[in-house]
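Heads up: the structure comes next, in structure tokens.
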There are 2 protein chains.
Amino acid sequence: MKISSRFSIAVHILSLLAIQPSGHSTSDWIAGSVGTNPVIIRRVLGQLKKVKLVTVRAGSGGAFLAKSLSEINLLAVYRAVDVVEEGRLFHIHEEPNPACPVGANIQAVLELLLSRAQEAMEKILADVTMEELVNVLSKQIEARA
Amino acid sequence: MKISSRFSIAVHILSLLAIQPSGHSTSDWIAGSVGTNPVIIRRVLGQLKKVKLVTVRAGSGGAFLAKSLSEINLLAVYRAVDVVEEGRLFHIHEEPNPACPVGANIQAVLELLLSRAQEAMEKILADVTMEELVNVLSKQIEARA
DNA sequence: TCTTGTTGTAACTATAATGATTACAACGAA
DNA sequence: TTCGTTGTAATCATTATAGTTACAACAAGA
């Protein structure tokens, strides 16, 4: 099991739009940087557009950031691309036997404990903004230039 | 995307073995409590056996805890059933364009930041023992009895 | 020793998600 | 009006999950 690469692709797209704000960022051009098909990019852009993280120009083409980087955190991106149903990172088996004491109560206990683990993960995502990420990325680019 | 229910099934099995240590815990009987097929149970038991969390009696049948509950934490169970490849909760797109500054560096940055999120989640799992879980479960059982 | 119930596994199926791709109508600016 | 682009549907291959049948190997009691 892995969380869909839609998430990392979305972060890649936002980074491009931040670092290359002047360019004509068409789905074709973005796809060239991400290494995938333009349709994949359009689909992710559609999801980012729906939550107003980007604007996309139909017809003439091009995508643009709709918020400043400091206003975008990774959890918002993660939610936007819908890679994990909210509160449902762990799949708890759905039909334990209600006639068995353990079966009747295990779901509630697992939900309680596992949601904590999930929340810890999401808190880290919420605490990282695209601004910080782009800073790290820019330093990395300079260091290897 | 969801983390396979093998994990929650494994926790269910261990809870049963803890709460019902006297019984004859065959895969058939366990399957009745979990609400699935005995073969599913045998496969999970096989994984738990491999890391010495349980012993299983071939022939005459039955599974038994091989460690005390306080020695088993949820991360060990999670690892045992192999639901997430180590360090790979997030699938980072694999072929960004090395000729593009962002493409050439995004993987390293994402790996750094996302592994932190993953580690935060796993730390919670590591901090919960089966002993604590069974305590919570037992209280839940009593409260609803 | 034979019988019985169980485990361990292979093989197969159905279902769902992912990622890629083709195709094309709708759009917008030059 | 043309041309490049977006938005979206449809299709496909691949993979993982969960369930199921089948059966050899096994262990212990009768």
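For clarity, every value in this text was computed on a predicted model and none was experimentally measured. Residue numbers begin at 1 in each chain, while the letters A, B, ... track the order of the sequences.
Of the listed nucleotides (C/dT21, C/dT18, D/dT20), C/dT18 has the atom at the smallest distance from the side chain of B/Met1. Closest contact between the side chain of A/Val39 and the listed nucleotides C/dA23, D/dT5, D/dT20 involves C/dA23. Picking from D/dG19, D/dG7, C/dT6 the nucleotide with the shortest atom distance to the side chain of B/Arg43 gives D/dG19.
OP1 or OP2 of D/dT17 has not a single side-chain nitrogen or oxygen of B/Ser5 nearer than 4.0 Å. Residue B/Arg6 places at least one side-chain N or O under 4.0 Å from the OP1 or OP2 atom of D/dT17. Taking only side-chain nitrogens and oxygens, B/Ser4 comes nearer than 4.0 Å to OP1 or OP2 of D/dA18. For the OP1/OP2 pair of C/dT6 and a distance below 4.0 Å, the side-chain nitrogens and oxygens of B/Arg57 include no atom meeting the criterion. Under 4.0 angstrom from either OP1 or OP2 of D/dT5 there lies no side-chain N or O belonging to A/Ser60. An OP1 or OP2 oxygen of D/dG7 is reached within less than 4.0 angstrom by a side-chain nitrogen or oxygen of A/Lys49.
A/Glu122 and A/Arg79 are joined by a salt bridge, as a carboxylate oxygen and a charged side-chain nitrogen come within less than 4.0 angstrom of each other.
B/Arg42 places no side-chain N or O within donor-acceptor distance of the main-chain N or O of B/Ser27, the cut-off being under 3.5 Å. With hydrogens and angles ignored, the 3.5 Å screen pairs a side-chain donor or acceptor of A/Thr26 with a backbone N or O of A/Trp29.
At whole-Å resolution of the value, CZ in B/Phe90 and C1' in C/dT18 are 17 Å apart. Remark: P of D/dA18 and CG of B/Asp82 are 13 Å apart, rounded to the nearest angstrom. Here C/dA17 presents its C1' atom at 14 Å from CD1 of A/Ile3, a figure rounded to the nearest Å. Between A/Asp28 atom CG and C/dT21 atom C1' the separation is 13 Å, expressed in whole Å. At whole-Å resolution of the value, CD1 in B/Ile40 and P in C/dT6 are 19 Å apart. Between the C1' atom of C/dG19 and the CD atom of A/Gln47 lies a distance of 13 Å, rounded to the nearest Å. Atom NZ in A/Lys2 sits roughly 17 Å away from atom P in D/dT14 (whole-Å rounding).
Residue A/Ser27 is the one, among B/Asn37 and A/Ser27, whose nearest nucleotide of DNA chain D lies closer to the 5' end (criterion: closest heavy atom). Heavy-atom distances to DNA chain C give each of B/His91 and B/Thr26 a nearest nucleotide, and the one nearer the 5′ end belongs to B/Thr26.
Using cut-offs of 30° and 60° for the angle between ring planes, the A/Phe90 and B/Phe7 rings count as tilted.
Remark: A/Arg88 CZ is loosely packed, at most 12 non-hydrogen atoms of other residues, nucleotides or ligands lying under 6.0 Å away.
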